[in-house]
Number of protein chains: 2
Amino acid sequence: MPPSPPAIDSFDLAILAMLQRDNTTPQRLIGEAVNLSAPAVQRRIKRMEQSGVIAGNVAVVEPAAVGQPITIFVEVELESERTELIDAAKRQFSATSEVQQCYYVTGEADFILVVTVADMAAYEALTRKLFFGNNNVRKFRTFVAMDRVKVGLTVPLPG
Amino acid sequence: MPPSPPAIDSFDLAILAMLQRDNTTPQRLIGEAVNLSAPAVQRRIKRMEQSGVIAGNVAVVEPAAVGQPITIFVEVELESERTELIDAAKRQFSATSEVQQCYYVTGEADFILVVTVADMAAYEALTRKLFFGNNNVRKFRTFVAMDRVKVGLTVPLPG
DNA sequence: TTCCAAATGCAAGTTTGTTTCGCCGGAGAT
DNA sequence: ATCTCCGGCGAAACAAACTTGCATTTGGAA
């Protein structure tokens, strides 16, 4: 079997902490901050990208600046929990560009969606397509965000 | 008054679409894709960063790889909707590293949180700190994510 | 039509990221 | 105990990308 990648150590965590704040930080500065040479930093970053610890490098776009000022949470409850229907729902939600995030959850709902739209008319159209047009959706509850207090994908890192 | 920044055009949208997928894409390739020279691409990116259209450039870290495999949604309902108490809650949630995302919403809840933790014991400790230790929290509902079907901050872009 | 402003493309300069090389330290075998 | 192999680290050379300045063109307003 292939050699398992080395475990994450405190150097890696320190590097990740900087990169998930700003991945344009020069490797030289990262090296100074964590007491490593720039090539060592580079090797560790590359390794973490290949092993999947770093899932991607992305620009964060301000939705309001591109005409999508409304963020909405939706709790979706299905009629049937059959695996096949769950998977179909996952696929449909994933393929919908307005659905920024989709989670399959325990509790009083089956899915929680984070939706980004231009206006409420667009949301209404989306509900027709995703929910009213789907016999397996028993009901859904809508929460409109008035304030995006904290937004990001930052993961809390030990150390 | 300061000159208002130029409106976003279809070139900008095409550039954003590529950057929010992978912001390490060389500007030369972006230029080829959108029919612009590399410096023109560079100028537009810089302008959008300064004007806030691009809110940041970050590495996306896989939570499970750094010992935070559990994602939880929490709907929080407050006792009082007094502005001062709302703001206090916003500040407390924002300052909590386990709270990855926090939204102030309409509907049957006041806040929706996205929480990242190592295990349920850590979540239990967090609820004690944030909810049971706060007299203004009337109740909260927990949804544990079994599958992070779609995760990201990607904004749907026209065009 | 004429002038002005903004944006583009080209080319050079600078910074950054990448690769290669040699060295050091540790684990295992002889 | 010593030798050898292996993996990682640091220094330097290399290549690539990014950034800047300037001349040109384009679009619009006077």
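Chain letters run A, B, ... following the sequence lines, proteins first and then strands; every chain starts at 1. The analysis underlying the following values was restricted to heavy atoms, covering all of them including side chains, and did not include hydrogens, waters or symmetry mates.
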Between the protein and nucleotides 13-17 of chain C, which nitrogen or oxygen pairs come in under 3.5 angstrom?
from	atom 1	to	atom 2	distance (Å)
C/dG17	OP2	A/Gln27	N	3.1

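- Counting to the nearest Å, the P atom of D/dA17 and the CG atom of A/Asn57 are 17 Å from each other.
- In this structure the side chain of A/Thr96 reaches within 4.5 angstrom of the side chain of A/Leu130, judged on heavy atoms.
- By the 4.5 Å heavy-atom criterion applied to side chains, B/Leu153 and A/Gln101 are counted as neighbours.
- Separating the CD atom in A/Glu98 from the NZ atom in A/Lys129 is a distance of 5.5 Å, to the nearest 0.5 Å.
- Remark: the B/Asp22 side chain and the A/Asn57 side chain contain no N/O donor-acceptor pair separated by less than 3.5 Å.
- Taking the side chain as every heavy atom from C-beta outward, B/Val144 and B/Tyr123 never approach each other to under 4.5 Å.
- Using a cut-off of 4.0 Å between Lys/Arg side-chain N and Asp/Glu carboxylate O, A/Glu79 and A/Lys139 are scored as not salt-bridged.
- Within 6.0 Å of CG on A/Asp9 lie more than 12 heavy atoms contributed by other residues, nucleotides or ligands.
- Below 30°, between 30° and 60°, or above 60°: for A/Phe111 and A/Tyr104 the angle between ring planes is between 30° and 60°, a tilted geometry.
- Residues forming a side-chain contact (heavy atoms from CB on, under 4.5 Å) with A/Pro69 (at least two apart in sequence, or on another chain): A/Ala64.
- In the hydrophobic clustering, where aliphatic and aromatic side chains (Ile, Leu, Val, Met, Phe, Trp, Tyr) are joined below 4.5 Å either directly or transitively, A/Leu85 stands alone.
- Taking CG from B/Leu157 and CD1 from B/Ile15, the interatomic distance works out to 11.5 Å, rounded to the nearest 0.5 Å.
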Could you list all N or O pairs between the protein and nucleotides 24-29 of chain D that sit under 3.5 Å apart?
none

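- In this structure the side chain of B/Val74 never reaches within 4.5 angstrom of the side chain of B/Ile112, judged on heavy atoms.
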Taking protein heavy atoms under 4.0 Å as touching, what does nucleotides 20-25 of chain C look like 5' to 3' if B marks base contact, S marks sugar-phosphate-only contact and - marks none?
------

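- For the contact set between residues 29-37 of chain B and DNA chain C, defined by any heavy atom under 4.0 Å, the members are B/Leu36, B/Ser37.
- For B/Lys46 and D/dC18, the shortest distance from a side-chain N or O to OP1 or OP2 is not below 4.0 Å.
- Contact annotation: the side chain of B/Leu16 approaches that of B/Met48 to within less than 4.5 Å [non-hydrogen atoms, C-beta and beyond].
- For the pair A/Arg44 and D/dC9, the criterion of a side-chain N or O lying under 4.0 Å from OP1 or OP2 is met.
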